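Take a look at the structure set out below.
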2 protein chains.
Amino acid sequence: MKKISESTVRRLSLYLRFLQEASDGGLDTISSDELAQRGGTTSAQVRKDLSFFGSFGKRGLGYSVPELLRQIQEILGLSRSWKVALVGAGKIGSALFSYRDFQLRGFHIRAVFDTDPTKVGAAWGDLTVRDDGEMDAALREQGIDMVIVAVPAEAAQGVVDRVVKAGVRAILNFAPIRLRVPSSVALRNVDMTVELEGLSFALINR
Amino acid sequence: MKKISESTVRRLSLYLRFLQEASDGGLDTISSDELAQRGGTTSAQVRKDLSFFGSFGKRGLGYSVPELLRQIQEILGLSRSWKVALVGAGKIGSALFSYRDFQLRGFHIRAVFDTDPTKVGAAWGDLTVRDDGEMDAALREQGIDMVIVAVPAEAAQGVVDRVVKAGVRAILNFAPIRLRVPSSVALRNVDMTVELEGLSFALINR
DNA sequence: AACAGCTTGTGAAAACATTCACAAAATAAA
DNA sequence: TTTATTTTGTGAATGTTTTCACAAGCTGTT
Ligand SMILES: NC(=O)c1ccc[n+]([C@@H]2O[C@H](COP(=O)([O-])OP(=O)(O)OC[C@H]3O[C@@H](n4cnc5c(N)ncnc54)[C@H](O)[C@@H]3O)[C@@H](O)[C@H]2O)c1
Ligand SMILES: NC(=O)c1ccc[n+]([C@@H]2O[C@H](COP(=O)([O-])OP(=O)(O)OC[C@H]3O[C@@H](n4cnc5c(N)ncnc54)[C@H](O)[C@@H]3O)[C@@H](O)[C@H]2O)c1
């Protein structure tokens with residue numbers, strides 16, 4: 001299969017979101033142009049993005065909202081549910097844990113780990129925060145698909161090495177550090193400092 | 001001035017971080033190749049990125065760590081301090097508020113707003129959570145440079161319209177929605193669902 | 001059945017970003 | 001001083017992504 005760019009995948013996520021809104025609004029067809037306007041892109045871009053995966057539209061008409069919704073969910077792997085573990089039960093960890101949108105889209109947090117004895121044992125929803133030492137075995141036993149890393153930067157690489165060794169192949173990292181992972185592991189970083197610095201640059205350059 | 005790409009700016013942020021580490025480690029020169037390896041890029045890329053802004057290195061030697069540190073801070077606008085307001089004193093808002101890295105890099109949260117009467121009036125550090133109704137005037141009075149939007153998606157566009165009208169020209173958005181802003185306003189989105197969906201796509205495509 | 005009005009799907013062109021490759025400059029050693 | 005070694009800065013080459021532009025296909029109308 002042809003290599004799909006990261007920007008295409010990001011845009012598919014956005015299209016999916018608009019389709020959901022359109023669907024909630026009772027709309028049943030949508031054109032590439034409408035999709036584009038909502039996403040701040042062009043209709044040609046929308047069509048090109050979709051064309052990597054097939055032809056889902058009807059000329060003269062546009063796309064069937066429920067049909068395209070289903071197709072993009074399929075493409076992105078969202079028709080199944082994913083088992084997620086959260087490492088680091090701190091401030092950002094707890095915000096993420098209670099974030100309903102994740103559940104809603106099929107990302108289910110099934111385990112939470114921390115090293116802090118004052119946090120281990122705490123009840124979080126229907127889970128218990130477990131000791132970090134149990135992580136390696138638990139990831140395998142529970143068949144965890146993805147790990148969210150929300151530990152301090154100094155601890156992050158160590159955690160990730162163990163996570164990778166345990167066979168997990170997708171990681172979402174919140175620590176402000178460039179993690180090293182084998183190329184077989186998918187890694188995304190959420191780096192808020194980089195975003196703020198980008199804004200700073202924009203402010204002084206106009 | 002030539003247009004600088006967003007990827008270049010992102011990488012500058014990363015270089016800055018490595019330079020800080022190098023500086024803390026007592027290193028006083030660094031080569032484009034060392035910088036590249038830490039950032040998962042190539043030495044040519046590092047040199048090209050820097051070349052948009054000047055020549056900071058010495059052939060045969062590399063870059064002076066403190067000098068390049070200062071230069072990149074200057075380029076990114078980090079030699080001054082920025083006044084930031086936080087809108088939405090919820091779970092993610094409170095995590096962000098207590099995030100020390102922001103302060104450390106010159107982003108100072110100077111005001112927090114919320115609509116919820118049970119939150120308004122609460123003491124957050126040396127600030128008081130203020131009523132959302134006071135926001136428009138306060139942004140101007142305090143000379144706020146940037147706003148962090150951490151309100152529910154439904155409320156985000158409304159908040160942003162007011163923020164823009166109040167003259168703020170940089171926004172960091174956490175709500176899972178595509179905000180519309182005039183092109184004179186810099187906008188960055190932190191969209192965790194998009195990242196998770198990217199991981200999902202990666203998992204089913206190898 | 002033919003025509004008018006739209007919108008898709010897609011090669012080709014244009015714009016943009018990364019990598020290559022090497023002359024130029026700096027240092028240190030002979 | 002000359003030579004060997006290192007690493008920058010940068011045009012040119014290559015690779016990637018976006019935009020353009022239009023034939024092909026679908027619907028509804030006459
Ligand atoms: N708070 C924010 O808004 C924010 C924003 C952006 C990035 N981050 C980053 O996210 C990470 C967490 O930030 P936070 O504010 O939640 O910090 P925090 O101190 O509140 O939480 C970190 C948690 O990780 C736990 N921990 C430490 N080592 C561990 C290990 N080896 N295994 C498991 N758990 C371990 C700690 O006990 C603590 O509970 C940091 O890297 C931070 O830079 C935070
Ligand atoms: N919690 C997370 O981990 C997380 C992760 C990613 C994105 N987000 C997004 O961040 C936003 C906030 O999420 P949260 O979990 O903190 O929700 P939350 O409900 O805890 O907080 C939202 C806060 O915004 C306030 N608010 C509502 N309308 C407002 C207005 N017009 N002006 C000012 N304040 C207003 C509410 O009173 C509440 O205190 C949401 O858009 C959410 O989708 C949250």
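The structure presented is a predicted model; accordingly, all values stated were derived computationally and were not measured. Letters A, B, ... are given to chains in the order of the sequence lines, protein chains preceding strands, and every chain is numbered from 1.
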Original post:
S55(B) or T42(A): which one's nearest nucleotide on DNA chain D is closer to the 5' end?
Top reply: S55(B)

Between [N] ([atom2]) and [X] ([atom1]): distance, integer Å:
X      : N       : atom1 : atom2 : answer
R47(A) : dT17(D) : CZ    : P     : 19 Å
I4(A)  : dT17(D) : CD1   : C1'   : 12 Å
F52(A) : dT16(D) : CZ    : C1'   : 10 Å
E6(A)  : dT18(D) : CD    : P     : 11 Å
K48(A) : dT16(D) : NZ    : C1'   : 12 Å

**OP:** Begin with the C-alpha distance, continue with both residues' side-chain angles, and end with the deciding distance and a verdict on side-chain contact (heavy atoms from CB on, under 4.5 Å) for F53(A) and I4(A).
**Re:** CA-CA 10 Å; F53(A) 304 96; I4(A) 304 299; 3.8 Å; yes

Original post:
Looking only at side-chain N and O atoms, does S32(B) come under 4.0 Å of OP1 or OP2 in dT8(D)?
Top reply: yes

**OP:** Considering just the side-chain nitrogens and oxygens of Q45(A), establish if one lies under 4.0 Å of OP1 or OP2 belonging to dT19(D).
**Re:** yes

Subject >> Carboxylate-amine/guanidinium proximity below 4.0 Å for R10(B) and E6(B) >> reply: yes

Given 3.5 Å as the limit, does a donor-acceptor pair link the side chain of [X] with the main chain of [Y], or not?
X       : Y      : value
D114(B) : A89(B) : yes
Q37(B)  : E34(B) : no
S200(B) : L76(A) : yes

Original post:
Among residues 177-190 of chain A, which contact DNA chain D at a heavy-atom distance under 4.0 Å?
Top reply: none

Original post:
Does anything in residues 56-69 of chain B reach DNA chain D, meaning a heavy atom under 4.0 Å, and if so which residues?
Top reply: F56(B), G57(B), K58(B), R59(B), G60(B), L61(B), G62(B), Y63(B)

**OP:** Could you walk me through whether K83(A) and Q142(A) pass the side-chain contact (heavy atoms from CB on, under 4.5 Å) test, one step at a time?
**Re:** CA-CA 8 Å; K83(A) 293 182 193 147; Q142(A) 294 188 257; 5.5 Å; no

Original post:
Would L196(A) and W82(B) count as a side-chain contact (heavy atoms from CB on, under 4.5 Å) if you check the C-alpha gap in whole Å, the side-chain angles of each, and the deciding distance to 0.1 Å?
Top reply: CA-CA 10 Å; L196(A) 278 180; W82(B) 296 103; over 6 Å; no

Original post:
Going by distance alone, is a donor N or O of one side chain under 3.5 Å from an acceptor N or O of the other, for S79(B) and E74(B)?
Top reply: yes

Original post:
So Q20(B) and D24(B), side-chain hydrogen bond (donor to acceptor under 3.5 Å, both in side chains) or not? Walk me through it.
Top reply: CA-CA 6 Å; Q20(B) 246 136 14; D24(B) 294 347; over 6 Å; no

Subject >> chain B contact limits on DNA chain C, taken 5' to 3' with a cut-off of 4.0 angstrom to heavy atoms >> reply: dA17(C) to dA26(C)

**OP:** Could you give me the CA-CA distance, side-chain angles and deciding distance for R11(A) and S7(A), then say whether side-chain hydrogen bond (donor to acceptor under 3.5 Å, both in side chains) is met?
**Re:** CA-CA 6 Å; R11(A) 282 189 301 262; S7(A) 0; 4.6 Å; no

**OP:** Begin from the C-alpha positions of Y63(B) and L19(B) and carry the test side-chain contact (heavy atoms from CB on, under 4.5 Å) through to its verdict.
**Re:** CA-CA 10 Å; Y63(B) 301 88; L19(B) 285 166; 6.0 Å; no

